[in-house]
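What follows is a single structure, written as structure tokens, with notes after it.
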Amino acid sequence: MMSRFLRTSLAVGVPLVAIAALVLPRALPAAAPAKKSLGFVITDYNLAGYETKYFDECPEGLAIGNDELWWKALSPQDRDKLTNSGLIEPVDPPRRPTAALRGPNKEDVCWNPTITKDPPLRVIKGKIGRGFNMDGTEDGKATANTCAHEKFTSPDGSTKVDNQMYRILGCIYGWRRGNYMEGHANRERRDSSQGIILVDVSDVDDVKNDPSVTVTYYSTVDLLQKDSGGGILPWASYRPSDTPHYGAKAKGKIVDGHVIAEPVDARLPLFGNNVTGDMIYKGLRLDLDLTKAAPDGSYSGLLAGYRDFENWWDYIRKIEFLTVTGQWSCPAIWVASQELADGYPDPKTGKCTAISEAMDITAVPAFVVPREARTAQAQGK
Amino acid sequence: MRRILLALTALTALSACGPKEPVVEAAPPAMRRLTEEQYRQVIADVFGDDIVIGGRFDPINRSNGLLAVGASSTAINGSAFERYDGLARSVASQVTDRANRDVLVPCKPADAAAADDACATTFFKNTGRLLYRRALTDAELKTQVALANAGATKLKDFYVGLSSSLSAMLVRPEFLFVTDTLEADPSKAGAFRLTPYAKAARVSFLLWNTTPDDALLTAAEKGDLNSSSGLKKQVDRMIASPRLAVGMRAFFNDMLAFDAFENLQKDPVIYPAFGLSAVELAREQILTTIIDQTVTTQGDYRNLFTTRKTVMSAPLGLVYRVPVSQPDGWVPYEFPEGDEHVGIQSFAGFVALFSHPGRSSATLRGKAVREILMCQKVPDPPSGVDFTLISDSHNPVYKTARERLKAHSTDPTCAGCHRIMDPIGLTLEHFDGAGQFRDDENGAAIDTSGELDGVAYTDAAGLGAALAKNAAVPACLVKRLYGYGTGRISTSAEKPILTYLEERFAKEGYRVPELLRDIALSDAFYQVAPAADAPKTASLEGGKP
């Protein structure tokens with residue numbers, strides 16, 4: 001509280017007003033550099049799959065969940081007790097938390113997936129899948145960096161595709177497109193602005209065809225900019241996180257309006273279903289289609305790579321509270337993913353340590369403002 | 001004697017710079033209601049920024065392009081008084097509450113549960129002088145103290161009494177109206193002049209948009225403002241102060257009709273990036289640019305219409321589609337060569353303000369440039385005009401605004417006015433209703449060619465250059481600033497002083513602080529004749545001296 005005029009000793013010559021903070025420095029930044037940068041913020045990502053109306057790709061049906069296995073294991077007396085003789089639906093508690101506690105001594109089977117043996121996971125049996133041919137083979141035979149596995153064929157029949165993550169998760173109710181697991185995670189990211197991935201395409205001479213560009217994957221420290229309906233606005237400015245393990249750079253090119261990034265090992269920020277951390281990939285690659293924007297200004301593409309198994313399992317076990325909602329069995333997924341992992345075999349054991357994964361992404365144009373540009377603008381250069 | 005010599009020296013120096021100030025016929029006095037911005041500024045200056053003014057104010061009608069002029073023909077009716085009363089009670093209560101009284105009340109009562117003549121007198125003597133813009137008369141001071149004492153005695157609380165009396169003061173016309181009080185001019189028999197206090201108020205509201213500070217009131221009390229040197233000293237001091245930026249911000253906000261931002265809303269479906277925060281920031285961007293270029297760096301006023309330099313904030317970056325390095329606050333920004341954002345008339349705030357909620361308007365933009373920046377009156381549209389085609393921004397045949405306006409203007413009653421507005425507004429059609437750049441409308445390329453008073457151009461940059469070269473633009477600023485300072489429409493008899501000021505403005509490189517100095521130091525600015533029905537001899541002033 002200060003009266004400028006009553007306290008006359010302070011009334012003259014004091015920098016008084018907020019506008020003083022807005023006064024421009026004399027020097028202002030120079031014109032933009034000749035090479036362009038194309039920035040994007042990924043607003044949604046979902047496991048890329050090929051789902052049919054009648055679940056043809058899951059001929060055994062959808063996966064059996066922790067909940068169902070637990071329920072079936074209960075005696076009729078216990079079921080009567082838990083449902084008050086069928087009068088109530090005991091979702092929570094005790095059903096949700098206890099559904100995962102199915103070990104011999106009530107151990108959590110997501111944190112201890114080998115402690116019990118469940119029926120095998122029902123996985124994708126269909127032949128069509130989406131993603132990249134990441135191992136370079138037509139038949140999925142083992143290579144120096146991959147284990148032998150079955151490949152999908154792209155919907156147009158042109159490409160053999162590696163996407164074992166889809167094979168593992170594709171028949172699980174909660175992981176299918178539009179269902180809770182990824183829908184909720186995307187909503188959480190939009191709401192919280194955590195785990196947001198930036199893609200910066202720099203060194204661009206020609207936005208339609210350019211043989212050499214650089215693609216950098218960042219996390220951001222800024223909040224997503226939204227319209228009044230919650231949509232992510234294009235053309236917002238985002239500062240990359242200074243955390244050093246983000247910022248993987250890949251060589252890339254633009255071909256007929258598609259930004260194609262070569263494989264690079266990368267960490268991407270993770271936030272979803274209340275889990276915070278990183279997604280660790282080997283050979284992460286991108287195909288972002290800039291030829292057609294959706295009405296909201298967004299573009300779509302595929303982001304794929306080999307997801308580190310331990311890193312991925314850490315996420316799966318942390319979302320054990322969603323096994324009822326999502327309908328899966330941790331022990332069954334564990335076994336299936338051990339069998340189906342197809343990337344980067346351990347030199348000692350020969351067991352693959354990563355799982356091929358392709359994600360559909362939606363991204364809107366944005367400005368990625370790296371540290372050096374921030375400093376320059378702040379200094380008025 | 002020394003004072004007279006100094007004054008003569010100053011006058012000689014002034015006249016050596018160019019032609020002498022013409023003698024013009026004195027204009028009638030005005031009585032101006034404080035605008036909302038002035039009310040807020042005065043309360044903040046007298047009591048501090050922390051005092052919350054949460055109520056609503058009765059609107060003032062814009063007259064001759066300015067609210068400051070409209071304020072001279074605005075009364076306070078019953079409902080308006082009720083609002084002022086509510087504001088006054090709220091302000092007075094905050095000033096005297098426990099959190100603020102130790103700072104804002106310069107003395108402590110002997111007994112906080114009783115009246116205290118001495119402390120109340122000290123408070124009202126200091127505060128009243130700033131609120132009434134003059135020393136209180138003995139009778140006024142006694143009345144305020146008596147009121148405070150009565151409240152304190154009845155409610156057994158000194159501060160409640162003080163609050164009650166202060167709130168009564170804040171609804172008095174002496175506070176709410178800035179009145180041109182007159183006194184006989186000793187140098188001219190039968191003539192009148194503004195009292196020093198009225199002079200102080202006039203110059204203070206012109207330069208700082210607030211009540212005179214202690215130094216200015218003291219100068220008035222000493223009679224310094226009646227001498228050229230004394231007035232010059234105060235004017236120089238005030239122009240050198242950072243508060244000039246505040247005053248000029250208020251002036252340009254008024255001149256550019258930016259009060260309309262308070263009701264500006266855009267269709268969020270059509271313009272999702274232009275949310276409520278962008279509205280306020282768009283106004284601030286223009287005002288900050290103006291203040292930086294006219295006050296801080298004291299540049300040529302005309303450069304405002306060709307500048308590429310401004311400030312940018314993250315929400316505005318969404319509208320302009322440019323990168324902004326900081327999520328909060330402002331960063332300096334310069335639109336690159338080739339960008340059509342050239343001059344404040346092309347900035348998002350201007351083009352969005354003079355648009356419709358869901359579409360651009362070449363007509364409104366052209367009208368704004370003519371009326372606001374050039375002080376030219378565009379006649380109101382005739383009654384019964386069919387706007388259906390103009391409003392149909394998705395018309396499959398007339399895809400662009402130019403095509404729709406061309407079809408509309410075949411009506412001769414409309415054509416005349418559109419001829420002077422549309423060639424300006426159509427040039428700004430690359431900016432949609434929210435100021436976002438676009439190349440086409442409904443798939444058809446937008447033609448941005450136009451002309452301004454015989455100067456042809458092809459885009460917004462060309463319009464800016466044409467405005468910068470148009471003599472009506474700086475002349476308009478002179479007219480508006482003079483009207484803003486006097487609070488009235490310039491009379492035809494004042495044309496010579498406006499011409500004189502225009503010439504000096506040009507000679508001084510169109511620098512706004514110099515123009516302000518010329519206005520504030522001119523005789524004409526303070527020259528007032530009593531209204532025809534005013535008494536011929538008695539003092540017309542409300543206070544001493």
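A note on names: the letters A, B, ... follow the listed sequences, proteins ahead of strands, and every chain is numbered from 1. All values reported here derive from a predicted model rather than from experimental measurement.
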- [ ] Decide if atom CD of B/Gln298 counts as having more than 12 heavy atoms of other residues, nucleotides or ligands within a radius under 6.0 Å.
- [x]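 Yes - once you tally the heavy atoms of other residues, nucleotides and ligands closer than 6.0 Å, there are more than 12.
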Open item on the list: For B/Leu276, is the CG atom crowded, meaning more than 12 foreign heavy atoms sit under 6.0 Å from it?
Closed with: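 Atom CG in B/Leu276 is not packed in, count stays at 12 or less.
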Write out, in numerical order, the residues from [range] with a heavy atom short of 4.5 Å from a heavy atom in chain B.
range                       : value
residues 219-226 of chain A : A/Asp222, A/Gln225
residues 177-203 of chain A : none
residues 244-251 of chain A : none

TODO: For A/Thr291, enumerate each residue passing the side-chain contact (heavy atoms from CB on, under 4.5 Å) test, keeping only those at least two apart in sequence or located in another chain.
DONE: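 Result, side-chain contact (heavy atoms from CB on, under 4.5 Å) vs A/Thr291: A/His258, A/Asp289.
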Considering all heavy atoms, the nearest [X]-[Y] contact:
X        : Y        : answer
A/Ser228 : B/Pro268 : OG-CB, 3.2 Å
B/Val324 : A/Val369 : O-CG2, 3.7 Å
B/Arg321 : A/Phe367 : O-CZ, 2.9 Å

TODO: Would you indicate whether the side-chain heavy atoms of A/Arg239 and B/Pro327 approach each other to under 4.5 Å?
DONE: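 Touching, per the 4.5 Å side-chain cut-off.
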- [ ] Select one option (side chain, backbone, both, neither) describing which atoms of B/Ala273 are under 4.5 Å from chain A's heavy atoms.
- [x]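 Both parts, backbone and side chain.
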TODO: Answer with side chain, backbone, both or neither: which region of A/Pro234 has an atom nearer than 4.5 Å to a non-hydrogen atom of chain B?
DONE: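 Backbone only.
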